[in-house]
Amino acid sequence: MAKVFITRKIDETVIRELKKNFDVEVWDSEDEAVPRDVLLKQAGECHALLTMLSDQVDEELLTAAPHLKVVANMAVGYDNIDVEAAEKAGVIVTNTPDVLTDTTADLAFALMLAAARRISEAAYYIKNGDWTSWSPYLLAGRDVHHKTLGIIGMGKIGQAVAKRAAGFDMNILYHTRSRKLEAEEAYGAQYKSLSDLLEKADFVLVLAPLTEETRGMIGAEQFRQMKNSAIFLNVGRGPVTDEAALIEALQSGEIAGAGLDVFEQEPISADHPLLSMKNVVAVPHIGSASTETRFAMMKLAADNIKAVLTDERPLTRVSL
């Protein structure tokens, strides 16, 4: 019987379904990542891995895994996996796109609203007992409606955000590798160069995947191009942004605020400079974290494993 190793505790319903056909072992923790030595040992014995973004599937692991046929990553991104090395080793890589599109778009829009309207700051203010009177500019934030949103990375999630932004009568700009005519027609989105987008946008949202081309693409020069009133949002991958440059831009007033779901190093420490700033809304990489969507991601990853191990076509294969 083919062996499957799951690198984090997931829904028991999904595990039971896999156990009908395979020998399944699970790293029994929701919060603690599987140690590297355990992952290498399991990879050496199994035919399939169901992985998280924190699990590095590299040449070392692939070399140590002579029976491995499939790596099913429970994420739309797969920058934790050396896909080229996997293909050379004859290992199929799958991901979980589409099922998390709307949920992640909801989170991106929620971050924009929270940062603009100072929601986190206001929640702390009232819980701390600081609300003693009303004043005209008490915790006054910025409007979102009728403002300009610049989206960097106009994939399916970007287009889902654009759909939401259209409902707020926002002017939508976008920058991506290739124009998205369907988004232009449906939501009035306008394709712009990166510089033009940064200069015009009131909100700059990064949804670009992490590649060698996008790593560090938003740095000191890009923050200088933004409005002083701009709010920067990242719901893509942390290393797309030069975090030191972001901190400097916030401290110097080059930009007004930020809403962040991702960071250069995850998890970040409680004493990280970004977490001490009142004008930063930070959440722990929860873009797809609704119960419905996370279950759908687990099931899709498991369905991909079942397909490969029964010599069927995987549902969502990653290809170079």
Side-chain angles (χ1 to χ4, degrees), residues 77 79 104 107-109 111-116 118 141-144 147-155 157-159 161-162 165 170-180 183-184 189-266 268-269 271-283 285 287:
D79 44 274
T104 306
L107 188 278
F109 214 84
L111 267 182
M112 179 163 59
L113 289 168
R118 302 171 66 181
R142 290 173 168 80
D143 283 333
V144 171
K147 292 298 181 70
T148 297
L149 169 63
I151 301 173
I152 301 171
M154 195 62 142
I157 296 171
Q159 292 180 59
V161 173
M170 298 187 82
N171 178 35
I172 303 162
L173 313 178
Y174 76 97
H175 177 76
T176 196
R177 285 181 298 181
S178 56
R179 289 183 64 172
K180 304 295 181 182
E184 295 180 16
Q190 303 172 59
Y191 178 81
K192 298 290 182 181
S193 69
L194 181 59
S195 294
D196 201 17
L197 180 150
L198 295 173
E199 290 172 3
K200 290 182 168 62
D202 299 299
F203 300 91
V204 175
L205 170 61
V206 174
L207 288 166
L210 180 60
T211 66
E212 287 308 309
E213 290 75 26
T214 64
R215 186 180 295 274
M217 72 180 293
I218 305 297
E221 180 183 348
Q222 286 69 41
F223 289 118
R224 282 193 294 270
Q225 293 177 59
M226 295 181 197
K227 299 177 180 180
N228 294 140
S229 59
I231 291 176
F232 175 74
L233 308 156
N234 192 355
V235 186
R237 287 291 182 267
V240 172
T241 303
D242 180 337
E243 213 160 82
L246 171 60
I247 292 168
E248 173 61 29
L250 288 162
Q251 290 175 337
S252 68
E254 261 182 356
I255 63 172
L260 307 170
D261 184 41
V262 292
F263 306 88
E264 277 189 350
Q265 298 292 327
E266 297 180 1
I268 65 171
S269 60
D271 61 354
H272 194 286
L274 286 168
L275 301 188
S276 66
M277 299 181 186
K278 290 183 178 180
N279 57 344
V280 173
V281 179
V283 294
H285 205 147

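Nothing here was measured: the structure is a model prediction, and the numbers come from that model.
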- Please test Thr214 against Arg237 for side chain to side chain contact (heavy atoms under 4.5 Å, CB included), starting from the C-alpha separation and ending with a verdict. CA-CA 10 Å; Thr214 64; Arg237 287 291 182 267; over 6 Å; no
- Pairwise distance CG(Asn171) to CG(Leu149) - rounded to 0.5 angstrom: 9.0 Å
- Query: For Arg224, which residues count as a side chain to side chain contact (heavy atoms under 4.5 Å, CB included) partner, sequence neighbours excluded?
  - Reply: Ala220, Glu221, Glu254
- Determine, step by step, whether Arg142 and Asp202 satisfy the side chain to side chain contact (heavy atoms under 4.5 Å, CB included) criterion, reporting the C-alpha distance in whole Å, the side-chain angles of both residues, the deciding distance to 0.1 Å, and the verdict. CA-CA 10 Å; Arg142 290 173 168 80; Asp202 299 299; over 6 Å; no
- Residues Gln222 and Asp242: side-chain donor-acceptor under 3.5 angstrom: no
- Task: Kindly give the heavy-atom pair with the smallest separation between Ala201 and Lys227, and that separation in Å.
- Result: O-CD, 3.8 Å
- Item | Under-4.0 Å salt bridge between Asp196 and Lys200 | yes
- For the atom pair CD1 (Ile231) and CE (Met226), what is the distance rounded to the nearest 0.5 Å? 12.0 Å
- Task: Determine whether Ile247 and Met277 make a side-chain contact, defined as any pair of heavy atoms from C-beta on separated by less than 4.5 Å.
- Result: yes
- Are the side chains of Met170 and Val144 in touch, meaning some heavy atoms are under 4.5 Å apart? yes
- Query: Side chains of Ile255 and Leu250: closer than 4.5 Å at any heavy-atom pair?
  - Reply: yes
- Query: Do you know which two heavy atoms are closest between Ala245 and Gly219, and how far apart they sit?
  - Reply: CB-C, 3.8 Å
- Considering only heavy atoms from C-beta outward, does the side chain of Phe263 approach that of Asn234 to under 4.5 Å? no
- Item | Side chain to side chain, Ile218 and Val204, heavy atoms closer than 4.5 Å | no
- Query: Can you list the steps and then say if Met112 with Lys147 is a side chain to side chain contact (heavy atoms under 4.5 Å, CB included)?
  - Reply: CA-CA 12 Å; Met112 179 163 59; Lys147 292 298 181 70; over 6 Å; no
- Item | From NE2 (His285) to CD1 (Ile268), nearest 0.5 Å | 12.5 Å
- So how far is it from Ile152 CD1 to Tyr174 OH, rounded to the nearest 0.5 Å? 13.5 Å
- Query: Under 4.5 Å between any side-chain heavy atoms of Thr241 and Phe223, yes or no?
  - Reply: yes
- Task: Give the C-alpha distance, both sets of side-chain angles, the deciding distance and a yes or no for side chain to side chain contact (heavy atoms under 4.5 Å, CB included) between Val161 and Ile172.
- Result: CA-CA 10 Å; Val161 173; Ile172 303 162; over 6 Å; no
- Message: Working to the nearest 0.5 angstrom, can you tell me the gap between Glu184 CD and Tyr191 OH?
- Response: 9.5 Å
- Compare every heavy atom of Gly236 with every heavy atom of Val262, then report the nearest pair and how far apart it is. CG1-O, 3.6 Å
- Hey, could you give me the CG/OG1 distance between Leu207 and Thr176, rounded to the nearest 0.5 Å? 9.5 Å
- State, with a plain yes or no, whether a side-chain heavy atom of His175 is found less than 4.5 Å away from one of Lys192. no
